[in-house]
Amino acid sequence: MSSLDSDFLLKNLNEGQKEAVSAPLSNVLVIAGAGTGKTRVLVSRISWLVQVENLKPREIMAVTFTNKAAKEMQERIAMLIGESNVRMLWASTFHSVCLRLLRSYSRQAGLQPGFGVLDTDNQTAFIKRIMSEIDYIGELKPSEVASKISKFKERRQRAADVAFSYKEEDPYLVKIYDIYERECISQNVVDFSELLLRTVELLENNESVRDLQHRRFKEILVDEFQDTNSLQFDFLKLLAGPQTHIMAVGDDDQSIYGWRGADYTNMSNFKKDFAPVKTVLLKDNYRSTQNILDMANTLIAKGSERLLPKVLEGNNGVGSKVNIIKCASEYVESDFIVNTIKLLHAKGISYDDFAVLYRTNQQSLLLEQRLSISGIPFVIYGGQKFFERAEIQDALAYMRLLLNPLDDQALRRIINVPPRRIGEKVVTQLSDIAYERGSSLFETIKMLIDYAKDENVPKELKSLAKKLSVFYDLMEKLKACRESQNLPDLVRSVIEITGLVDYYKQKDLKSNKGALDNQKHKNLEQLVSNASVFNNERFGEALENAEENLDPLLNFISNVTLSSSTELNAEGIEGEGQRQALVNLMTMHASKGLEFKVVFLAGFEKNLLPSFRSENDFREGQRRAYDEERRLAYVGITRAQERLFISYALSRTVYGRTENTGASSFLREIVAQYKEQKPDDRPYKISLPDILGSLLK
DNA sequence: AATCCCTTTATTTTT
DNA sequence: TAAAGGGATT
């Protein structure tokens, strides 16, 4: 049986892929170039571990960076080892893994059960409040403070550590961090970085928890390893026991999130810290034509600091030449793109097969307009996320408060939404009392109401308590619902009993004057459907005393907070009907991991790609930012399967100012590289947009 | 509580 | 340019 399985699993894999999939149990680093079948290797490897190496699915952990990737992996593995097996396997993001560990060992980790998770918006709002409370007058914006705090946490520095070591001009930063840290603990909430840091500390300080994981997880697979930060790297080091092996899969050439803390040198660190490591290189590309790959290879070859220079080799023939289009302005460029889509669509290419990729979101505006005028259906990825909408956040805040009465942040958000005459003054009074007593806002409300029952209480307090009791009674009602209702009903109760739906219906009526699109109250309804679709099927065998199994609401909220991303965005709104074919618009960042038959790279020009900000970045003597822009361009190019159009404009209006631009230095480099060759031997053709018709023949 | 008007500011954003 | 946030006004 075993040999049959192994034949089956290795069938249709190339040598490198086979080597990775069937590698003996050990630490393995797979350097997988763009389009070389990375996911396929991961999925086959997991099946191999189960079917050939006879590991139990519960002994395997597969870590990805996005929920989408985790979901895709689960689905593909299910096809190989069956649905019931996949359920025992942990395949999820770093953050979800940490959340599950923390939920199971919340006490040991210094948290109370039911602790909440702050997403970036909530975190920023939190910090903003702290900054205004201490009358901060410095130059930092709340979001900047938030990212600095994240940076500290990534370096495993607590506020107390920073206080000693950190000597920046802004002495308030440490103070804000300190207050933030303490308030997070008293409100029983953690932010995204905290999920990681606390788990690392838990594993480090708690031998029995650590040993338990060491014995459990035999094989850990990590996707997109070039995107790990140092905290995630530490986490892996702690999670892996003496008997555990790690397979890290990544591509240093596609590292484009350095600015967010990702450190692709973790790939070489991995070789050192997890030695001995078997290294496998995948460079057979199954996605693009050779012309496209030649362009990509030429571009990336000039990058400095590559860990392992590699040349992608194609399997799809030479293909059409890459078209480089020189446009007079961004208007000409967008017309060119629209016209070309029209033309190719008329030749039978589905709208789905087109992608327009750009460096900045701003660039999508003009494209949107032109596509709309031409009646070409399109979808923009990465707009406002479903779960980030204000009305959704309001509904979620009610649920967060229900789960965690200590969450002052949630309470502040919704105590007067919809308006119930609890204005700023009342909240200030309330929070002053809460502060004196050192208790949470919600506790304080309860206390005040009880206290005000006494006849001899001053009038002022009585009226305060009366106002607050409206809110308190509401929460009590919701509490009762939580006990008697299932999840979707509860969510419905939350949006209806609180008056949120009616409130937003009114708003919609006012602002849209009867128009049907973008109705906020509909989004709230959507949240109810989301809750019913969320059928409590968590993948991966649960840990003992895992609350997530007992409390669907907690489960739902956690899940939602850790997946406030695009896939739910698109799925959430469309609903049932069959999906219309749409042209895809997105940033090059958002395109990583995707592929399209026809790709347009718009604005491949000076100041835009590489971004003007990266030009002067010489930190640590390296051109870090500049190199990353090069990799970003490489990611863009390698998205294309059959046809690639790279366009640039000679002038572009940015921030209301029309600037002369021109071809990107990356484009000049590539062209210079092929100068000596005959035009026919070059992988590209340079042309103007107006002679397009002849190009496409 | 909603509206208006002014100022500010402007890459990328997996969780 | 244009969008978003803050502050003052109704």
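Labels below follow one simple rule: chain letters A, B, ... track the order of the sequence lines, proteins then strands, and each chain is numbered from 1. Keep in mind it's a predicted model, so treat the numbers as computed, not measured.
- Between A:Phe152 and A:Tyr177, the angle of the ring planes stays under 30°, which puts this pair in the parallel group of the 30/60° scheme.
- Of the candidates B:dA1, B:dT14, B:dT11, B:dT14 carries the atom nearest the A:Lys592 side chain, counting heavy atoms from C-beta on.
- By the criterion of a centre-to-centre distance under 5.5 Å and near-parallel planes under 30°, the ring of A:Tyr257 forms no stack with the base of B:dT13.
- Going from atom CE of A:Met586 over to atom P of B:dT11 covers 21 Å, rounded to whole Å.
- When the side-chain nitrogen and oxygen atoms of A:Lys141 are compared with OP1 and OP2 of C:dA4, none of them lie within a distance under 4.0 Å.
- Here the side chain of A:Thr360 is nearest to one of B:dT15, B:dT12, B:dT13, namely B:dT12.
- Heavy atoms of A:Asn361 sit under 4.0 angstrom from primed sugar atoms or phosphate atoms, though from no base atom.
- Counting to the nearest Å, the P atom of B:dT11 and the CZ atom of A:Arg260 are 16 Å from each other.
- Distance from the side chain of A:Ser611 is smallest for B:dT11 among the nucleotides B:dT13, B:dT14, B:dT11.
- Within 4.0 Å (heavy atoms only), A:Asp223 reaches no atom of the nucleic acid at all.
- Base engagement by A:Thr120 is indicated by at least one non-hydrogen atom pair under 4.0 Å involving a base atom.
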**Asked** Given Watson-Crick or G-U pairs with both distances under 3.5 Å, what dot-bracket string fits DNA chain B, with | for other-strand pairs and [ ] for crossing?
**Response** ||||||||||.....
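- Using a 4.0 Å cut-off, some side-chain N or O of A:Tyr655 falls inside it from OP1 or OP2 of B:dT11.
- Dense packing is recorded around NZ of A:Lys38, with more than 12 heavy atoms of other residues, nucleotides or ligands lying under 6.0 Å away.
- Between A:Asp394 and the options A:Arg389, A:Arg413, A:Lys520, A:Arg412, a salt bridge (charged side-chain N to carboxylate O under 4.0 Å, His left out) holds for only A:Arg413.
- A:Lys68 places its NZ atom 14 Å from the P atom of B:dT13, with the value rounded to the nearest Å.
- Residue-to-nucleotide proximity on DNA chain B shows that, of A:Gln362 and A:Thr93, the 5′-proximal contact is made by A:Gln362.
- The side chain of A:His589 sits closest to B:dT13 out of B:dT13, B:dT14, B:dA1.
- Atom CG in A:Leu365 sits roughly 7 Å away from atom P in C:dA2 (whole-Å rounding).
- Between A:Asp253 and A:Arg631 there is no salt bridge, since none of the side-chain N atoms of the basic residue sits less than 4.0 Å from a carboxylate O of the acidic one.
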Short N/O separations, protein against nucleotides 5-8 of chain C, under 3.5 angstrom:
{"residue": "C:dG6", "atom": "OP1", "partner": "A:Lys128", "partner atom": "NZ", "Å": "3.0"}
{"residue": "C:dG6", "atom": "OP2", "partner": "A:Lys128", "partner atom": "NZ", "Å": "3.3"}

